[in-house]
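Report on the structure given below.
As a basis for the values below, the full set of heavy atoms in this structure was taken, side chains included, without hydrogen atoms, waters or symmetry mates. This one's a predicted model, so the numbers in the text were calculated from it and none came from an experiment.
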Amino acid sequence: MPEKFLKPYSPQDVEAGIYKKWEEGGYFNPDNLPGDRPESFSIVLPPPNVTGTLHLGHAAMLAVEDIIVRFERMRGKKTLWLPGTDHAAIATQSKVEKEIQKTEGKNRHDLGREVFLKRVEEFAQESHDTIVNQVRCMGASVDWSREAYTLDIKRRHAVNTAFKRMYDAGLIYQGERIVNWDPKGQTTISDDEIVYVEEKSKFYYFKYGPFTIGTSRPETKFGDKYVVMHPDDTRYELFKHGDQLEVEWINGPITATVIKDAVIDKDFGTGVMTITPWHSAVDWEIAQRHDLNKEQVIDKYGKMLPIAGEFAGMKIAEAREKIVAKMAEKGLLVKVEDNYVHNIATAERTGATIEPQIMKQWFVAVNKEFIIPHSNIPGIESGSTTTLKEVMRRSVDSGATKIVPDRFERIYYHWIDNLRDWCISRQIWFGHRVPVWYCTYPEGGKSTPMCANPIISIENASECPYCHGTVEQDPDTLDTWFSSGLWTFSTLGWPDDTLDLKTFHPTALLETGYDILFFWVARMILMSGFLVGDVPFKNVYLHGLVRDEKGRKMSKSLGNIIDPLDMISKYGADAVRLSLIIGAAPGNDLKLSENRIRGYKNFANKVWNITRFVLENTQDATDDVPFTEGDAAIQQEACGAFDAVTANIEKYRLDLAADQVYQFIWHRFADEILEESKTILKTGTPEEVASRKRLLTNTLKDSLKLLHPFMPFVTEEIWSSLPNTENLLMIEPWPSK
RNA sequence: GCGCGGUUAGCUCAGUUGGUAGAGCAUCCCCUUGACGUGGGGAGGGCCAGGGGUUCGAGUCCCUUACCGCGCACCA
């Protein structure tokens, strides 16, 4: 017996070596897997952001995916798990920007675009290396030879191709529309990047001619030339749509126009409001419906514009109070309510209050009809007319993509119903630059009217195709989710028609946190539907969030972060993996404590000691002896356990499967089978002893196979010390009846 | 406001089509010089959130209430 079994199991001494062995074995790459594997199984790793280090959420994701991947590989499928990282545009840029501000007191404009981007890329590279190391420590069996990055050259080609195809189909357009402006980050953000925060504030009622209007934002009211009420509101039936009246307002008299619109809630406030189309999405829609003028009141930095007269140049908070004071002085303030509770929109990254603005931006049209050239999505014929919303809906309600747990399907539909056009341009520097160039109208007058059109180009454009003059590229970059939306196929070689794409797309499974269902999952379905004509994955498994033992989110400010690498160095990756799996039903949050991890460290050691016993007692074991009746029954029973585990993994109930393996090995195999073996080996007939030795050897091997996806390191290490094991455990066939 | 989860042992959670309530950890007692103290055996501990209904039978199905958590929308 190898000497190492005389000491307790020490993960620190074996894990790195085992991972190296796996990598050298080459089986992470499906092209190297032995045997004929007609069925393929593929998943892409949700690329971690290159913003630093991995947290327990990542560790949980890696554990879940690795279990499934190892399981499918052992079952004989051509299995690919494709790794990569995400440049995470805005998140990474703001992280580096903050760091530079702190250490050097400079902002990105002080450095300039080129220098700043270099700094971000250096940071991203460092971060990438850290992440890759952490992925290895978790034991993830990803195919490093296919590693991708959302911002590398191949993905850039994919992004630009996607942009051009969508533009040509009319699904990407440039327009002046109301967008979410983050005054702190100085960029637009999408609807999904908004976090609503409940806030108590004051609510003011002002006299507006014959009306009383309510508002929580007096500072936007300068441009309010329209007064809106419900068409059926009998209180105001004397006023007709289009009526004009002179009213005294903040900075003197203005001409107001009456607008009737059913969007008004008769029961809210006085049932009358004035609108500020430039700084409110709802108001903007009213203005669009009635073709009203729109005026900007607040600038990009959150300061009042000249339209505010004496208040011009003030910050919002300052202006608000002074305006109210002036209105009171003019006798136009009717009353003030305290404790007005409403949700204010803030930017997810910077925390700044969003200021809606009308700006020229790039959008993806989700309701626009187009002809889909090719479609495998059930219910959408190739060549038929459809919309991106329809593609997203049909992909799921046809069953082509199933979401586990299924309650998230309803949440997904609900999101689609409320979806508006997706603003994809960002005014940040780090990311995929919008692949659009504009003619710069050089001196000499050779420009043509066509030169006003944007030039969409997959490769860098060097000249204007109309006048051959100089061009310059759009300064904006794309929302990071635009490139990650392509992830399932851009990683497989798209837009080229590669063998990988044919073999591995649609992927079998996407496993990710429920918190990015809309950000990412939905965008992938959209992109894949239009660009590939198919769903990106057949199944979506949504895992929960990892919380601390009190159920709180782990965060720096609470100081309750558990670092997965710390835990791995203390208890081993196997223990960390199991602690993140058992007790975590799909879609449910998991409360994790160090104590739980310690418990599974003990389990790894238990398996180690079972091995010691078996090795000590079965040296001359052979499969060439018959089982006794009792041993045959136990063998039979074990097969039943294998099937139960298999069934649960197939249903993505890894929590139950892992627990079953744990129960079987510890409480059935060790506590009972092994205990009774002591007597049998001592006092049994030669036939009974031979049968029992065969049973112990077989059960140990099967147990290791069964446990391997969950605890790959300790099982592989033990396997390598067993007699008659030439192959790596990771490619042994999965046990079944 | 609309919607979705959750509420089961001290704690963390299972409980698959309705058929005598389970696991881990914790607690207590006992055992063990040969696989393992990172052990073994055992015990205590549950009106399955409250109420109503369907059923021969409900933790499980239906209605309802309360509390906790979350998503979406948004009222100027």
Side-chain angles (χ1 to χ4, degrees), chain A residues 1 5-9 191-192 194 196 203-206 213-218 220-221 224 227-229 261 263-276 279-283 286 340-345 405-419 514-515 517-518 544-545 547 549-553 571 575 578-579 582-585 587-593 595-596 598-617 644 647-648 651 653 655-656 659-660 662-663 666-667 670-672 674-675 677-678 682 696 700:
Chain A
M1 184 177 54
F5 287 109
L6 299 176
K7 287 184 297 184
Y9 175 58
D191 293 346
D192 297 289
I194 287 180
Y196 287 95
F203 193 75
Y204 309 92
Y205 289 94
F206 296 126
I213 59 134
T215 183
S216 59
R217 299 202 56 193
T220 63
K221 297 281 127 187
D224 290 12
V227 57
V228 192
M229 61 216 73
D261 194 295
V263 81
I264 301 296
D265 179 358
K266 285 184 280 190
D267 302 323
F268 185 86
T270 57
V272 183
M273 71 176 197
T274 60
I275 58 167
T276 315
H279 300 290
S280 154
V282 174
D283 295 2
I286 295 172
Y340 171 65
V341 180
H342 64 150
N343 289 327
I344 56 163
D406 59 4
R407 64 188 148 93
F408 284 100
E409 292 190 359
R410 270 168 303 200
I411 298 176
Y412 173 80
Y413 297 136
H414 189 237
W415 178 81
I416 293 177
D417 289 339
N418 287 306
L419 187 62
Y514 63 74
D515 52 332
L517 177 62
F518 308 138
L545 307 178
R547 299 174 178 275
E549 51 198 316
K550 290 178 191 140
R552 301 172 304 182
K553 264 191 182 171
Y571 305 107
L578 218 53
S579 73
I582 294 183
N588 285 6
D589 292 353
L590 174 76
K591 289 177 199 165
L592 185 80
S593 63
N595 220 14
R596 275 168 50 82
R598 192 179 300 123
Y600 296 117
K601 163 80 199 305
N602 295 351
F603 179 53
N605 194 54
K606 186 75 184 179
V607 180
W608 191 254
N609 286 310
I610 290 169
T611 307
R612 183 200 299 186
F613 178 88
V614 173
L615 287 179
E616 269 175 353
N617 290 286
N648 272 322
K651 283 188 288 187
R653 290 307 304 266
D655 54 325
L656 300 182
D659 202 40
Q660 281 167 342
Y662 179 98
Q663 294 296 326
W666 198 317
H667 299 302
D671 290 351
E672 294 172 0
L674 205 143
E675 284 302 325
S677 298
K678 290 177 183 171
K682 225 179 269 175
L696 286 174
L700 176 62

[X] near the nucleic acid: base, sugar-phosphate alone, or nothing, with a heavy-atom cut-off under 4.0 Å?
| X | answer |
| --- | --- |
| A:R410 | sugar-phosphate |
| A:I582 | nothing |
| A:T276 | nothing |
| A:L674 | base |
| A:K221 | sugar-phosphate |
| A:S280 | nothing |
| A:D265 | base |

So which nucleotide from B:rA35, B:rC75, B:rC25 ends up closest to the side chain of A:V282?
B:rC75
Nearest-nucleotide pick for A:N609, side chain only, options being B:rG5, B:rG24, B:rC36:
B:rC36
Can you build the contact string for nucleotides 14-20 of chain B? Use B for base contact, S for sugar-phosphate-only contact, and - for no protein heavy atom under 4.0 Å.
SSB----
Check A:P218 against A:Y204 and note the closest heavy-atom contact, atom names and distance.
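Scanning both residues, the minimum pair turns out to be CG-CD1, 3.5 Å.
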State which residues pass salt bridge (Lys or Arg N to Asp or Glu O under 4.0 Å) with A:E616; sequence neighbours excluded, sorted by chain then number.
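A:E616 satisfies salt bridge (Lys or Arg N to Asp or Glu O under 4.0 Å) with no other residue.
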Any donor and acceptor pair, going by atom type alone, linking the side chain of A:D589 with main-chain N or O of A:L545 inside 3.5 Å?
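Between the backbone of A:L545 and the side chain of A:D589 there is a qualifying donor-acceptor contact (under 3.5 Å).
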Between the protein and nucleotides 69-72 of chain B, which nitrogen or oxygen pairs are less than 3.5 angstrom apart?
residue, atom, partner, partner atom, Å
B:rC72, O2', A:N418, ND2, 3.1

Partners of A:Y9 by ring pair (Phe, Tyr, Trp, His ring centres under 6.0 Å), sequence neighbours excluded?
A:W608
Using the test side chain to side chain contact (heavy atoms under 4.5 Å, CB included), find all partners of A:E672 that sit at least two apart in sequence or belong to another chain.
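Checked A:E672 against side chain to side chain contact (heavy atoms under 4.5 Å, CB included); matches are A:R668.
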Distances for protein N/O vs nucleotides 40-42 of chain B N/O pairs under 3.5 angstrom?
residue, atom, partner, partner atom, Å
B:rG40, OP1, A:K606, NZ, 3.3
B:rG40, OP1, A:W666, NE1, 2.4
B:rG40, OP1, A:D671, OD1, 3.2

